[in-house]
Participant: 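The structure is given below, and queries will be raised subsequently.
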Number of protein chains: 2
Amino acid sequence: MQLEEGQRVIQQALLRGRLCVVVGHCHVKYHGRAASKLSQGDRLLVVKPDGTFLVHQGKKMAAINYQGPGAIVSAELKEGALLVKAERSKPMNEVIEVSFDSLQAAHSFTLKDDENLRLFGSERQLADLLEQDLALIEPGLKPLKKEAFMRKGRIDLMAQDKKGALVAIELKRRNAGLDAVTQLKRYVDELSKRQKFEVRGILCAPEITANALKMLEREGLEFFKLDYEVSNPSAKIKGLEKKQKMLNEFR
Amino acid sequence: MQLEEGQRVIQQALLRGRLCVVVGHCHVKYHGRAASKLSQGDRLLVVKPDGTFLVHQGKKMAAINYQGPGAIVSAELKEGALLVKAERSKPMNEVIEVSFDSLQAAHSFTLKDDENLRLFGSERQLADLLEQDLALIEPGLKPLKKEAFMRKGRIDLMAQDKKGALVAIELKRRNAGLDAVTQLKRYVDELSKRQKFEVRGILCAPEITANALKMLEREGLEFFKLDYEVSNPSAKIKGLEKKQKMLNEFR
DNA sequence: GCGATCAGCGGCACG
DNA sequence: CGTGCCGTTGATCGC
């Protein structure tokens, strides 16, 4: 395929708000938040109507070079090559230049699509479900207003135990690591400073790494193993047996 | 384009290790670490030779559904639709089903590409440069170790100040937030526990958020504003003026 | 708009 | 392999 035809396809796609797909031999330069060079090779270029610009190699999931929505895309013939540029000013001035010296294909498509993804099993959804049955974590646990306690960062769930102590619950949808523990600790420290009461912190996740558990113990925080299943209408929390590790039950 | 021809294109591409690009009207289901449904609409499907599987809508950078390298892809005709599946067992059993009821195009391409991206301006590179001139942060600062791997996480730069105190330096290539502070604090705490010496912590970033700075101060840590420029052969640290905030010089 | 956090994060490198 | 963390993270939500 001729470079001229490729240019025409791209320009038409840009004008008409169509998706554009180009495959060819190219090299790529990027300069912006970082900078990069990619020497000659065959790649797939995808340009979306919203300005999204993706350069893919034949491996891996992530695009090797990219530009987010809002990029201004242009296509010109320069020095015997088809130069496709994507420029953006949003986070900062950024530019990608893809220089094709030959093309395998260049097509454009109209994509009619008004649908949004419906996702099940997000942390937010788990929090909503868990809030409805906090006794699952510990008998007598009562939910409190979440928003009242948001100041810096947000606590997934605030509750009060049967002894009246404040309980901050940090929820993770996957294996919890050190970051989850430090995050919970930060909230508990913050609350402890503001409240005169005892404040407990419970990390609620399907798993926890060994290091994170050790740190959790050192900090006097607690872990509750949360089993859940992603299913169709909603996520189901399987929690039956309480495998909670009461690490500071002395209080 | 007929669904049968699309099926043939996909199957041939899979057999021959070619990149496959399909555009058509479809709905998508996913079940794995989470679950999702996406109703009918026009989408772009990209299948890479390594099993990477990407379903793109006409907006946004991120694929709406995806599967990483190693996925097993199949294409079959079922109930009058072209059903393309991607199955994976790696993180856990996961499956995406894309069901096309019509196709705009289905093409495959051979991508010859042995090149790797050369990236400039990464945090690692900044660490290398900074290590060569630690006096920029503070006169008398001597490098001890780069990328010091601790049991939990790694410290970007370890140094010793002119008084002999241990200095942990956390480097961020962009605006530092609360997470950067908690990370640094974790390292300093860990070192303080192991060392008898004084341990200082310096967060080194182009910017810091107001909240993060407050927390940094509370924790007795320090901030050094790092100016740098990404350029072609390498990143350059511009640091001239030391705007370092000495927050705990009393010690 | 910035700030903080989540993500089916992905990818990498060390243990 | 798991653990931890960077990323041109991107995307979302609340302020």
Side-chain angles (χ1 to χ4, degrees), chain A residues 30-36 52-53 59-69 71 86 88 90-96 117 119-127 146-147 150-156 170-180 182-183 186 207-213 230, chain B residues 30-36 52 59-69 88 90-96 117 119-127 147-156 170-180 182-183 186-187 207-212 230:
Chain A
Y30 159 71
H31 195 284
R33 285 167 290 179
S36 71
T52 296
F53 190 93
K59 293 174 183 177
K60 297 286 173 64
M61 254 196 62
I64 193 70
N65 280 114
Y66 55 87
Q67 204 77 252
R88 191 160 62 144
K90 282 263 295 221
M92 58 181 288
N93 279 354
E94 298 197 293
V95 65
I96 302 180
L117 188 76
L119 181 69
F120 312 104
S122 65
E123 184 188 289
R124 178 60 175 269
Q125 199 179 62
L126 289 181
K146 292 179 271 193
E147 294 148 17
M150 298 194 335
R151 191 156 291 190
K152 29 186 78 166
R154 72 166 221 283
I155 302 172
D156 292 330
E170 175 64 28
L171 188 58
K172 289 293 164 197
R173 66 179 311 287
R174 57 173 180 169
N175 198 359
L178 288 172
D179 53 344
T182 53
Q183 200 176 332
R186 195 200 309 155
E207 279 182 291
I208 186 168
T209 67
N211 277 339
L213 183 57
V230 293
Chain B
Y30 159 71
H31 195 283
R33 284 167 289 180
S36 70
T52 295
K59 294 176 182 174
K60 299 286 175 63
M61 254 197 63
I64 193 70
N65 280 114
Y66 54 87
Q67 205 75 260
R88 192 159 63 141
K90 279 259 295 215
M92 58 179 288
N93 279 354
E94 299 197 293
V95 66
I96 301 180
L117 188 76
L119 181 68
F120 313 103
S122 65
E123 184 189 287
R124 175 61 175 270
Q125 200 177 64
L126 288 181
E147 303 263 337
F149 283 88
M150 307 179 56
R151 276 192 299 275
K152 29 184 89 169
R154 70 163 188 258
I155 302 175
D156 292 330
E170 175 64 29
L171 189 58
K172 289 293 165 197
R173 65 183 307 287
R174 56 174 178 168
N175 196 358
L178 288 172
D179 53 344
T182 54
Q183 199 176 328
R186 201 163 61 210
Y187 298 146
E207 278 181 291
I208 185 168
T209 67
N211 278 339
V230 293

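Note on naming: letters A, B, ... go to the chains in the order of the sequence lines (proteins, then strands), and numbering restarts at 1 for each one. Quick caveat, the model's predicted, so the values are computed rather than measured. Heavy atoms only: backbone and side chains are in, while hydrogens, waters and symmetry mates are out.
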Participant: Could you give the distance separating D:dG4 and D:dT8 at their P atoms, to the nearest angstrom?
Facilitator: 23 Å
Participant: What's the separation between atom CG in B:L171 and atom CD in B:E123, rounded to the nearest 0.5 Å?
Facilitator: 5.0 Å
Participant: Does a nitrogen or oxygen in the side chain of A:N65 sit under 4.0 Å from OP1 or OP2 of D:dT8?
Facilitator: no
Participant: Starting from the C-alpha separation in whole Å, work towards a yes-or-no answer on salt bridge (charged side-chain N to carboxylate O under 4.0 Å, His left out) for A:E94 and A:R88.
Facilitator: CA-CA 5 Å; A:E94 298 197 293; A:R88 191 160 62 144; 3.1 Å; yes
Participant: Could you state the atom-to-atom distance from CE of A:M92 to C1' of D:dT9 in whole Å?
Facilitator: 15 Å
Participant: Report yes if a side-chain nitrogen or oxygen of A:Q183 is closer than 4.0 Å to either non-bridging phosphate oxygen (OP1 or OP2) of C:dC6; otherwise report no.
Facilitator: yes
Participant: Under 4.0 Å between a side-chain N or O of B:K172 and OP1 or OP2 of D:dC6?
Facilitator: yes
Participant: Heavy-atom count around B:K152 NZ within 6.0 Å, excluding the residue itself: above 12?
Facilitator: yes
Participant: Checking all strands, does A:G32 fall into the base, sugar-phosphate, or nothing category for heavy-atom contacts under 4.0 angstrom?
Facilitator: nothing
Participant: For a quick check, tell me whether the side chain of A:D179 and the base of D:dG4 share a donor-acceptor pair closer than 3.5 Å.
Facilitator: no
Participant: Is B:Y187 close enough to D:dC5 that one of its side-chain N or O atoms is under 4.0 Å from OP1 or OP2 there?
Facilitator: yes
Participant: Expressed in angstrom and rounded to an integer, what is the separation of A:E207 atom CD from D:dC1 atom P?
Facilitator: 16 Å
Participant: Testing the basics here: between B:S36 and B:N65, what is the closest heavy-atom pair and its distance to 0.1 Å?
Facilitator: OG-ND2, 3.2 Å
Participant: D:dC5, OP1 or OP2 - any side-chain N/O from B:R186 closer than 4.0 Å?
Facilitator: yes
Participant: Does the pair B:Q183 and B:E170 meet the rule for a side-chain contact (heavy atoms from CB on, under 4.5 Å), with working shown?
Facilitator: CA-CA 8 Å; B:Q183 199 176 328; B:E170 175 64 29; 3.5 Å; yes
Participant: How would you label the contact of B:A210 with the nucleic acid (heavy atoms, under 4.0 Å): base, sugar-phosphate, or nothing?
Facilitator: nothing
Participant: Reading DNA chain C from 5' onward, which residue's closest nucleotide shows up sooner: B:S36 or B:A212?
Facilitator: B:A212
Participant: Look at all strands and tell whether B:E170 reaches a base, only sugar-phosphate, or nothing, counting heavy atoms closer than 4.0 Å.
Facilitator: sugar-phosphate
Participant: Describe the nucleic acid contact of B:I155 in one word from base, sugar-phosphate, nothing, applying a heavy-atom distance below 4.0 Å.
Facilitator: nothing
Participant: Report the distance from atom CG of A:D156 to atom NZ of A:K172, rounding to the nearest 0.5 Å.
Facilitator: 6.5 Å
Participant: Could you tell me whether the phosphate oxygens of D:dC6, OP1 or OP2, come under 4.0 Å of any side-chain nitrogen or oxygen in B:S122?
Facilitator: no
Participant: Mind calculating the distance between CG (A:D156) and C1' (D:dG14) to the nearest angstrom?
Facilitator: 14 Å
Participant: Report the distance from atom CD1 of B:I64 to atom C1' of D:dA11, rounded to the nearest whole Å.
Facilitator: 11 Å
Participant: What is the distance, to the nearest angstrom, from the CZ atom on B:R173 to the P atom on D:dT8?
Facilitator: 6 Å
Participant: Would you give a per-nucleotide map of nucleotides 10-15 of chain C, 5' to 3', where B means the base has a protein non-hydrogen atom under 4.0 Å away, S means only the sugar-phosphate does, and - means neither?
Facilitator: SSS-SS
Participant: Using the P atom as the point on both nucleotides, what is the distance between C:dA4 and C:dG8, in whole Å?
Facilitator: 23 Å
Participant: Which atom names give the shortest non-hydrogen contact between A:I96 and A:Y30, and what distance separates them?
Facilitator: CG1-CD1, 3.8 Å
Participant: Taking only the C1' atom of each, what is the distance from D:dG7 to D:dA11 in whole angstrom?
Facilitator: 14 Å
Participant: Just N and O in the side chain of B:N211: are any of them under 4.0 Å from OP1 or OP2 of C:dA4?
Facilitator: yes
Participant: Can you check the B:N175 CG to C:dG1 C1' distance for me, whole Å?
Facilitator: 14 Å
Participant: So does B:E123 reach the base of D:dG7 with its side chain, donor to acceptor, closer than 3.5 Å?
Facilitator: no
Participant: Quickly work out the B:K152 NZ to D:dT3 P distance and round it to whole Å.
Facilitator: 13 Å
Participant: So A:L117, base contact, sugar-phosphate only, or nothing? Heavy-atom distance under 4.0 Å.
Facilitator: nothing
Participant: Between A:Q125 and A:R173, is a side-chain contact (heavy atoms from CB on, under 4.5 Å) present by the stated rule, with each step listed?
Facilitator: CA-CA 10 Å; A:Q125 199 179 62; A:R173 66 179 311 287; over 6 Å; no
Participant: Tell me the interatomic distance from A:L178, atom CG, to D:dC6, atom C1', rounded to whole angstroms.
Facilitator: 15 Å
Participant: What I'd like to find out is whether the side chain of B:H31 reaches to under 4.5 Å of the side chain of A:V230, using heavy atoms alone.
Facilitator: yes
